[in-house]
Amino acid sequence: MISNLPETNEMIGELTRLLDELAAFSDGAEPGVTRLLYTPAWSKAQRFLADKMAEAGLETRFDAVGNLYGRLPGTNPDAGVVLTGSHIDTVRSAGKYDGAYGIVAGLAAVAFLKKMHGSPRRTLEVVSFCEEEGSRFPLAYWGSGNATGVYDWRKDGDRADEEGVPLREAMQDCGFGRDDLAECRRTDLAAFVELHIEQGMVLERMEKRIGVVETIVGQRRYAITLEGAANHAGTTPMTMRQDAAAGAAECIVRLEALASQWGEPLVATVGKIEAQPNTPNVIAGTVDFSLDIRHADEWRLNAFSELALSEIERIAVRRRLKHRITPWLSTKPVPMNPSLTRATERICQQLILPYRRMVSGAGHDAQLLAAVCPTAMIFVPSKAGISHSPHEFTEPRMLADGVSVLASMLYELAYEEQRI
Ligand code: HGY
Ligand code: MN
Ligand code: MN
């Protein structure tokens, strides 16, 4: 057990200052933070973090896709690397904590451990994964996916964003996508611990300070197109329409009703929708919409996804609409490492922090890292459960709680070389 912890007020000051500085790196006029992969704001944020890691005395490097690592070498080079961190990209019009908090808190924890305890036995690293959200290109987890072998940047860079910019081109324009940069694939990890805001309201409702994540839900994401016939809104009788917007609306209402019938923790969301020609006096000829389905149980996730897609097909056929369904993300529900979740629980008890074991309804890099090393995920409460919104907020005291738990975990893993 670690003998000392960061002084709370000092830690609060450091965390809020770094989070505010990072939040300033934002593209676009929308309120909140918009920092999409390989955009100018993304580039400035990664380089800002590289400077902060270097100031903390860590060895910094970028890998070939722009994942940033800060390294505190261990005295036992054969004992593997203990990694902590999260993702630097955001959704559009995001808050300032999702992803960024895990990086900033990881840096603060490692800098504290270096200052108080010097070199660890196992090497400690902080990572700023380049992309997790899937907000710009039709793929998600580009950073941790390249680190764990889910993607290979040399082969998987052809998908284009909404402006038709290929991922590979955006990556190279940012100075990445080069063989002379560090290899992405990590095969040397002893453990990964991700600290993140809960993005839900369970901890706040249960008056808990820490969430000990047991399972991260699986996800299915689809791009769906319904194609009817654009026509005059005034002269086309209701009985003679192939209205893609009405078809999409019926699908959305039906999916919501089905998900509610299935009950928690299943969720299904249509968050993105575009009608063409998107004109008030023209019947929509085409509608593109997204579908995001999640569950903690793989069998039920698959069963609901099949049902949802068959309902979309049934509605489209009845309305004489062509339909196209493109799957673009599929992640399994992933359990966290039981030994690490027990260690997190014990640390919360020792620090007298009320905690709760729970499922994560949000996806995280931890669910990819869990395939290559023992992985744990720790939550701090989100005010009113709000996230993916400029109104995202976590009490500064609770931000510091997370660092205390994370520093204790990293100390046991890297300085005490705790068996995992
Ligand atoms: O969508 C999610 O679950 C995460 O925020 N990427
Ligand atoms: Mn997110
Ligand atoms: Mn996140």
Side-chain angles (χ1 to χ4, degrees), residues 1-8 10-11 14-15 18 49 52-61 68-86 101-128 147 186-196 210 212-213 336-353 355 365-366 369-370 372-380 399-420:
M1 169 79 184
I2 194 170
S3 53
N4 55 353
L5 284 170
E7 197 283 316
T8 302
E10 197 182 308
M11 182 51 69
E14 189 182 337
L15 291 172
L18 273 174
L49 281 169
K52 291 297 169 190
M53 289 178 177
E55 280 171 27
L58 304 185
E59 298 168 6
T60 61
R61 70 183 187 283
L68 166 64
Y69 291 94
R71 183 182 179 90
L72 177 59
T75 52
N76 177 356
D78 304 327
V81 174
V82 175
L83 182 67
T84 187
S86 193
Y101 169 58
I103 302 165
V104 162
L107 176 54
V110 171
F112 170 78
L113 291 170
K114 178 177 185 296
K115 194 169 116 195
M116 304 307 283
H117 302 280
S119 298
R121 291 190 202 154
R122 277 196 177 112
T123 293
L124 260 175
E125 287 191 8
V126 186
V127 62
S128 170
R186 296 301 301 262
T187 54
D188 57 348
L189 299 178
F192 176 66
V193 185
E194 183 169 6
L195 179 56
H196 203 286
I210 296 288
V212 180
V213 176
M336 296 292 97
N337 177 277
S339 154
L340 291 183
T341 46
R342 278 195 299 276
T344 313
E345 215 172 3
R346 173 178 42 77
I347 288 167
C348 291
Q349 289 158 358
Q350 287 161 344
L351 298 182
I352 315 173
L353 283 172
Y355 69 91
D365 292 309
L369 273 291
V372 300
C373 69
T375 295
M377 181 136 218
I378 305 163
F379 281 165
V380 293
L399 296 174
D401 290 344
V403 175
S404 296
V405 176
L406 179 65
S408 305
M409 280 286 279
L410 297 178
Y411 179 80
E412 293 187 11
L413 290 168
Y415 289 82
E416 293 178 343
E417 256 191 289
Q418 184 202 57
R419 268 173 34 78
I420 300 164

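In what follows, every heavy atom counts, from backbone to side chain, and hydrogens, waters and symmetry copies are set aside.
In plain terms, the two heavy atoms of P73 and P120 that are nearest each other are O-CD, 3.5 Å. For C348 against I210, the heavy-atom pair with the smallest separation is SG-CG2, 3.6 Å. Listed here is the closest heavy atom pair of A191 and C373: C-SG, 3.8 Å. The two residues A190 and P374 have their closest heavy-atom pair at O-CD, 3.3 Å. Closest approach of G102 to S86, counting heavy atoms only: CA-CB, 4.0 Å. The shortest heavy-atom contact between S128 and I103 is OG-CD1, 3.5 Å.
Atoms CG and CD, on L68 and E125 in that order, are 10.0 Å from each other to the nearest 0.5 Å. Atom CE in M336 sits 9.0 Å away from atom CG in L369 (nearest 0.5 Å). For the atom pair CG (L399) and OG1 (T8), the distance works out to 11.5 Å, reported to the nearest 0.5 Å. Taking CE of M409 as the start and CG of L340 as the end, the distance is 5.0 Å to the nearest 0.5 Å. In this structure, E194 CD and T375 OG1 are separated by 9.5 Å, a value rounded to the nearest 0.5 Å. Atom OG1 in T341 sits 10.5 Å away from atom OH in Y355 (nearest 0.5 Å).
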Working for salt bridge (charged side-chain N to carboxylate O under 4.0 Å, His left out), residues K52 and E14
CA-CA 12 Å; K52 291 297 169 190; E14 189 182 337; over 6 Å; no

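With sequence neighbours excluded, the residues that form a side chain to side chain contact (heavy atoms under 4.5 Å, CB included) with A109 are V403, L406, A407, L410.
Panel note: side chain R122, backbone V82; no donor-acceptor pair is recorded below 3.5 Å. Within the 3.5 Å criterion, the main-chain N or O of V81 finds no donor-acceptor partner in the side chain of T123.
With a 4.5 Å cut-off on side-chain heavy atoms, S408 and L351 count as touching. L58 has its side chain within reach of L107: a pair of non-hydrogen atoms, C-beta onward, lies under 4.5 Å apart. Contact of the H196 side chain with the F379 side chain is registered, since non-hydrogen atoms from C-beta on lie closer than 4.5 Å. Counting heavy atoms from C-beta outward, R346 and R342 have side chains that stay 4.5 Å or more apart.
V405 pairs in a side chain to side chain contact (heavy atoms under 4.5 Å, CB included) with only one of the listed residues (L353, V380, V212, L195), which is L353.
Using a 30° and 60° split on the angle between ring planes, H117 and Y411 fall in the tilted class, from 30° to 60°.
A cation-pi contact, defined as under 6.0 Å to the ring centre and within 45° of the axis, is absent between R186 and F192.
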